[in-house]
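Letters A, B, ... are given to chains in the order of the sequence lines, protein chains preceding strands, and every chain is numbered from 1.
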Amino acid sequence: MKSMPSWIYALGALIFVLLFNAFATPGFFEINVLDGRLFGSVIDILNRVAPVALLSLGMTLVIATRGVDLSVGAVMAMSGAVAASLIARPEGNILLGLNFGDSVFLIVLAGLVTGLLCGLFNGLLVSRARIQPIVATLLLMVAGRGVAQLISDGQIITFSAPAFASIARGATLGMPNPFWIVVLFAAVILVLTRWTALGLFIESLGSNPIAARNVGINTGALLLFVYSVTGVCAGMAGMIAAADIQGADANNAGLYLELDAILAVSVGGTLLSGGRFSLVGTLIGAILMQTLTTTILTRGVAPELTLVVKALVVLAVCLLQSPTFLHMLRPKKVAA
Amino acid sequence: MNRFLSQERLPVLITSVVAIAMFLIAGFKYDNFLTLRVFFNLFSDNAFLGIVAVGLTFVILTGGIDLSVGSMVGCSSIMLATLIRDSQVAPPLAVGIVLAFGCLIGLTQGFLIARFELQPFLVTLAGLFLCRGIALRISQQSVQIDHPLFDQWASFSIALPQKSSLSFAALLLFLVVGIGWYLSRLRPFGRAIYAIGGNRQSAELMGVPVRKTLIGAYVISGICAALGGVVFTLYTQSGNAVSGTGLELDAIAAVVIGGTLLRGGYGSVPGSLLGVCVLGIVQTAITFDGTLSSWWTKIVIGVLLLGFLLLQRWIESAALSRRALAPSGTN
Amino acid sequence: TPTNEAPTASLEPTSNTATPAEPTKKLVIGFSQIGAESGWRTANTKSIQDEAKKRGHDLKFSDAQGDQENQIKAIRSFIAQGVDVIAFAPVVETGWGPVLKEAKAAGIPVICSDRSPTFADDLFVTFIGSDFVKEGEMAAEWMLKNVKGPVKIAELTGTPGSAPANDRAAGFRAIIKDNPDYSIVFSQTGEFERAKGKAVAEALLKGEFKDVNVIFAHNDDMALGAIQAIEEAGKVPGKDIIIISIDGVHDAFVAMSEGKLNCSVECNPLLGPLIMDACEKAVAGIEQPRRILMEDQVYDTTNAAAALPDRKY
Amino acid sequence: MSESTPLLHLQGIDKRFPGVHALKGIDFELETEEIHALLGENGAGKSTLIKVLTGVHAADGGSICIEGRQIAPRNPNEAVTFGISTVYQEVNLAPNLSVAENICLGREPRNVFGIDWRAVGERTKSALNRVGLRVDPQRLVGDISIAEQQLVAIARALDVEAKVLILDEPTSSLDQDEVAQLFATLRRLREEGMGIIFVTHFLDQVYEISDRITVLRNGERIGTFQTDELPRIELVSHMIGRSAESLEHGAMASHEVSGHEPFLTVTNFGKRGSVQDLNFEIRSGEVIGLAGLLGSGRTETARLLFGIDHGTEGGYQLDNRSAHLTPRSAISRGVGLNVEDRKAEGIFPGLSIRENMVVVAQVKRRWWQRISTAEQKQVADEYVSALQLQPPNTDRNIENLSGGNQQKALLGRWLAVEPRLLLLDEPTRGIDIGAKFEIMALVERLRLEGKSFVFISSELSEVIRVSSRIVVLRDRRAVTTISRAEANEEAVVAAIAKHE
Ligand SMILES: Nc1ncnc2c1ncn2[C@@H]1O[C@H](COP(=O)(O)OP(=O)(O)OP(=O)(O)O)[C@@H](O)[C@H]1O
Ligand SMILES: Nc1ncnc2c1ncn2[C@@H]1O[C@H](COP(=O)(O)OP(=O)(O)OP(=O)(O)O)[C@@H](O)[C@H]1O
Ligand SMILES: [Mg+2]
Ligand SMILES: [Mg+2]
């Protein structure tokens, strides 16, 4: 007996929202070609979802270990600020000592390394200092944005660097680059976790940390690994956000995105209590959340209703994932 | 085996020692810091946070979490203000309505979590969005309250030496902490909360009314959050839909600093009050210093919290390992 | 020059005309800032800090991270600390009565900047800042003058519930409400952010209202985001869609001089000198006007290029 | 049977879990003044029947009557109000509350202020006395040993007025004295008119205390028998569904040790505040039995040898090199530990049986060389059939296995990596007789292949049966070593009990 995948309800909800749009939002599925790239609401969704999708890919692993990473939004701000500083090199910037010229490669690398360092910091706090993940990452959530503002001196660092901006604004094979970046990251993480034993180890650790240690799993290193992956993902997301507006907004980049990422993960069927995880589910969850957002934006719904709609969708998907609830819905068997 | 240094009291003890040390250090560094006025301000200024934290403590003790408390504060604040100003409802009745609303939200969240075994993080995250949405729907403008009785409440205070005073809000805070302590220590309900946090399946098999208790915890949290909103409204004599943004994180930090484990089962209500004081001391000290830029403020708060948590962890592990060694002292 | 209720036209207010009270005395000034949520705010903070340093005052700066309760706590801390004068930029208009009464009881004068607290008129010495409603009105007036109707307007609003968002929306609507040719068909929040502004505009350009003629953004950042979205949609910002915004930050001037942004109503953050003047006078007990308003000027493609080199923020 | 209405009467109880028909129309009767043993192999459905009876699970069919009145308890608390008090399999207490709080949880005596802590203390004292447990009532339950926890759980069940007392494997961690004390209490309760349902895998105990026996197999009731009319051999064959002789084939007579050089030597090894003075060596092909009373430090020894806890004193040499092991390095050097507390420290709930079984092999193989799913299936199936794990579908969640079958899966986890030395801490706890013999036979077979074991069990007969030598622990010190030749129950008991 094969059980249904945990993300089936997220997929159902996604199809529902898309159907709604097909009937209620004119032109939602229209796709045009403009300058050799596809252009339309659906493409927008796949483009806009990139930062949250990246965050939630990493977040999936962290959540599978019973953790949570609240700092990803702040990490986005930091990596964006680092990248923008290296490109724009504004006067008095504390990163003026580093000159990477126009090398997009080195600048992206610097952003990723920023994310990696943050991830390692979180990982050390969780695995070494044994601080509970919510609190440990809360520290960087608060302080990290401070660091980002420190780097950018509280200003939006704007730049004009077409090569770097193409990370977010360019297109390859008709699809926007952020889409491909997500595909790349998802593929790498999928291979890392499912073609090696890391996935099993992560699920074991999340399922029973004591038992995991007792069977010789290096839990400390594993925690470092998952938080680092999340950090790197957040670093990339930060650069997409910066490239998108050709500027690093330390105050607002990634603000509250950690919540969206957590929602995407759990709507995608990974339990916050750790253990089993599903990367595919996470991607579906992220796309669902973004489809909702895009729908709401396109239809010009009042912002406070956006919050309410989000809340209701989350609750609906959660309820549908609850075995108890489904059991209640099912008609009672008549006792013989 | 020293019951005094139990897993429940040790963190509270550590937190109090560190809090006192911080207070003294800041007192030596800044003029006028070591005064009763600053000390009592801690309670008056953080009353709403403290009340919210007490409610949240119950939820966290069950191993759950309530992210909706911050929005609940905003929601109850704007609701109270519009009730009094626009609907001309008498303040006591308006407060009652607001508390009932908090109770209702808590009940709904608790029901979903207990009955359908949904994850608290998600349900209350939805609650966070929902309450904020409702609050903004009620009014996006902030609403000033001009009502004699309400003014009287807001300006009531007990004068104490050195120009210090305890406000109505602070007294309410002490009352809530007292009730919280009583509920958690001296009522079977409180023991049930701890038992569920220790091991939910076991609690169920031991006949603890798990669902009812869980719902109770979220109801308490909802009511406390609503009351926090009322106190906030007293504090500012106005309602504002966006107030309390991010407050849930402060409250969680306070509860954790106060020695309550997020996985549930261990911790105490007075500990959370202490956690609130620690946050208050840090904030006051930074204001007294007054040289930190916006970003350095964030970084310094982060670093201080980090230092605090590491210290707490370090002392705890040292004390616990000493305790583990204790029996060998006899032979 | 700042005057009573009479807006000044000066870009860089100086304190030459008013005699600084006892320039030798060093003051301890407590300043509670809202936060560091935007470049505008950072410029505002910097102006105040620089001016205090220049005049040798001891500035106790406190950042409230966007929360009213933090501001109230900070002000109460200032009172406990016994500063000479308190200045603050209230995050909302309401809710300052109790704490300002305390300051008054402690004999510490209070100066407000940025937005003025309601129902507390006797509790602060003076207000220094801009008028958000006026800014919204000016934006609408520019539109009535320069854009021929009938016009469909899309509004990118600021953070829901914040004073600038509320006031700018109200001011803008007050002007166009009698003119049936101008109607707001779409209103969505971009939360004062460039990225969100871009995302909203992107969605707008694909939806039901893709044929809007005017975008009115509550701040420049959202407008700049919207410009990018318009370009990416293959339209010409400033021509196909007229863009009006508020703040007048440096990047907005660049965009105006390139013709991509049509109009930006200035909202000057450089309040440092005025605030320091007011603090000194308040401590010295010198009578001063209740409201000191900055004259907010309207810039558009015609005069932006000329003003660009002088922009400080 | 009896013409009067029975105290408790179950009729046609049916229960299905996804994929398992756990109870197939069970009928069951319990009289007053009766101790009724409920027996069956692992997974037979004993615990499920009890959980249905006490409202933990809802039945899919059938009826429950107590004193002729039909009841349908929806939760354990309701069951208590109907007069049914239960100790469930696997200790179920709140580890973060004190012993006293656990005993009174949910029914705290109150006064005007709330909980009457004085009365709680008194009730706890008398409840603990009844089971003969001497433990500080203020200690947290998480801090006391599993055996003590088990007694606390029983004390709790006895703390209420009940007509029916249900004990699901209450004695799995108890030593002989404690069992005797418990039985004395049970007999007294029987005389007072109570009906008691008693689940155990210890046949001696069944014959010692029970009046009647009901045997379940594969969710079906095989029959109910008068205990004194049912020979052991017959009982066992009812339980396992085949003749009992077939079990004994693996039993050992002689015990040749193949090894020569000791490959593990511990000298004065110990940890401050924990076990001390461990002195023994293990050769390949040897089984070292650890015997001792509850809390004598057997579990701690095993944890120390496996590197979960770290020694602070003395030496630990593996292959003549001194070693500082962590579980990881221990595994890579061929040492394994099957933990005592399988629920808290052993299984990975939520993961499949297969994954639970291959995880150690995977750790050994390194993370970048994933064991393919096909290979995983092969390994798991091999040990599922070797250990006769039920049900054999390894894709199922391990949580759905009965307690004994979970234990088998964990054993399989270690056997799959063929360790040189396997530390077995209570491997037979909660396992039915058939499986017990299988495990002991397996140990003997592997021993002959040159593997070594440390074998910990509360059942002395088992320890004596499998061990090459027995190390006796007392008060967390190794006091003597008894060779196989001298080993018999009296000698070991004497060594355990000796006063110095
Ligand atoms: N919650 C559950 N979900 C699914 N299957 C279950 C569940 N609980 C028990 N089972 C299945 O029901 C059957 C009976 O299990 P039960 O625990 O009653 O056995 P038992 O007789 O108590 O065995 P043991 O002696 O090993 O404890 C087993 O096949 C088990 O796998
Ligand atoms: N976490 C703990 N904290 C305090 N004391 C403990 C703890 N764990 C065990 N002990 C004590 O250490 C002693 C040795 O325990 P251990 O579990 O090693 O005994 P054992 O011989 O294996 O008995 P058991 O039959 O319970 O497994 C006991 O007195 C026990 O109460
Ligand atoms: Mg069982
Ligand atoms: Mg043991």
Side-chain angles (χ1 to χ4, degrees), chain A residues 24-28 30-32 34-35 37 39-45 47-48 51 80 142 145-146 149 152-158 160 165 168-169 171 176 240-242 244-256 290 293-304 306-307, chain C residues 35-46 63 65-66 154-155 157-161 165 184-210 212 220-222 224-225 227-229 231-235 249-251 254-255 313:
Chain A
T25 313
F28 194 83
E30 225 167 76
I31 293 180
N32 308 315
L34 203 81
D35 303 338
R37 63 180 284 186
F39 184 83
S41 290
V42 179
I43 307 297
D44 270 359
I45 292 172
N47 184 20
R48 288 273 153 227
V142 176
R145 205 161 282 282
Q149 288 177 332
S152 62
D153 205 26
Q155 301 290 345
I156 300 180
I157 303 180
T158 51
S160 160
R169 309 177 76 176
I240 292 180
D244 184 32
I245 58 168
Q246 301 210 41
D249 185 347
N251 311 301
N252 298 313
L255 200 61
Y256 302 127
Q290 184 59 43
T293 311
T294 303
T295 305
I296 285 164
L297 289 182
T298 314
R299 302 181 59 79
V301 177
E304 67 269 19
T306 311
L307 292 170
Chain C
E37 75 283 2
S38 64
W40 188 96
R41 182 69 52 199
T42 310
N44 178 249
T45 302
K46 203 155 178 305
D63 180 303
Q65 326 253 345
E155 185 186 33
T157 62
T159 310
I184 298 177
V185 296
F186 177 96
S187 177
Q188 181 63 270
T189 180
E191 298 179 18
F192 287 134
E193 285 175 40
R194 198 175 285 211
K196 293 241 170 68
K198 182 174 177 183
V200 172
E202 206 174 80
L204 166 73
L205 294 174
K206 300 198 176 70
E208 199 176 338
F209 306 109
K210 60 178 136 207
V212 292
D220 287 339
D221 281 331
M222 293 189 291
L224 292 167
I227 288 171
Q228 294 187 0
E231 282 175 336
E232 282 169 25
K235 297 191 178 174
V249 301
H250 184 269
D251 286 356
V254 176
Y313 55 94

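Heavy atoms only, all atoms of each residue included: Glu232(C) and Phe39(A) are closest at O-CE1, 3.6 Å. Shown here for Ala36(C) and Asn251(A), the closest heavy-atom pair between the two residues is O-OD1, 2.5 Å. Closest non-hydrogen pair, Thr42(C) versus Gly154(A), comes out as OG1-O, 2.8 Å.
Distance alone, capped at 3.5 Å, places no donor-acceptor pair between the Lys198(C) side chain and the Ile245(A) backbone. Although no hydrogens or angles enter the test, the distance criterion places no donor-acceptor pair under 3.5 Å between the side chain of Glu202(C) and the main chain of Asp44(A).
Contacts of Arg194(C) classified as salt bridge (charged side-chain N to carboxylate O under 4.0 Å, His left out), with partners at least two apart in sequence or in another chain: Asp221(C), Asp251(C). Checked against side-chain hydrogen bond (donor to acceptor under 3.5 Å, both in side chains), Gln246(A) has no partners two or more places apart in sequence or in another chain.
When the candidates Gly225(C), Ala199(C), Gly234(C) are compared by the number of heavy-atom contacts under 4.5 Å with chain A, Ala199(C) comes out ahead. Among Ile156(A), Leu255(A), Ile296(A), Thr306(A), the residue making the largest number of heavy-atom pairs under 4.5 Å with chain C is Ile156(A).
Interface residue Gln228(C): backbone and side-chain heavy atoms are both found under 4.5 Å from chain A. Of the two parts of Ala229(C), neither the backbone nor the side chain holds a non-hydrogen atom closer than 4.5 Å to a non-hydrogen atom of chain A.
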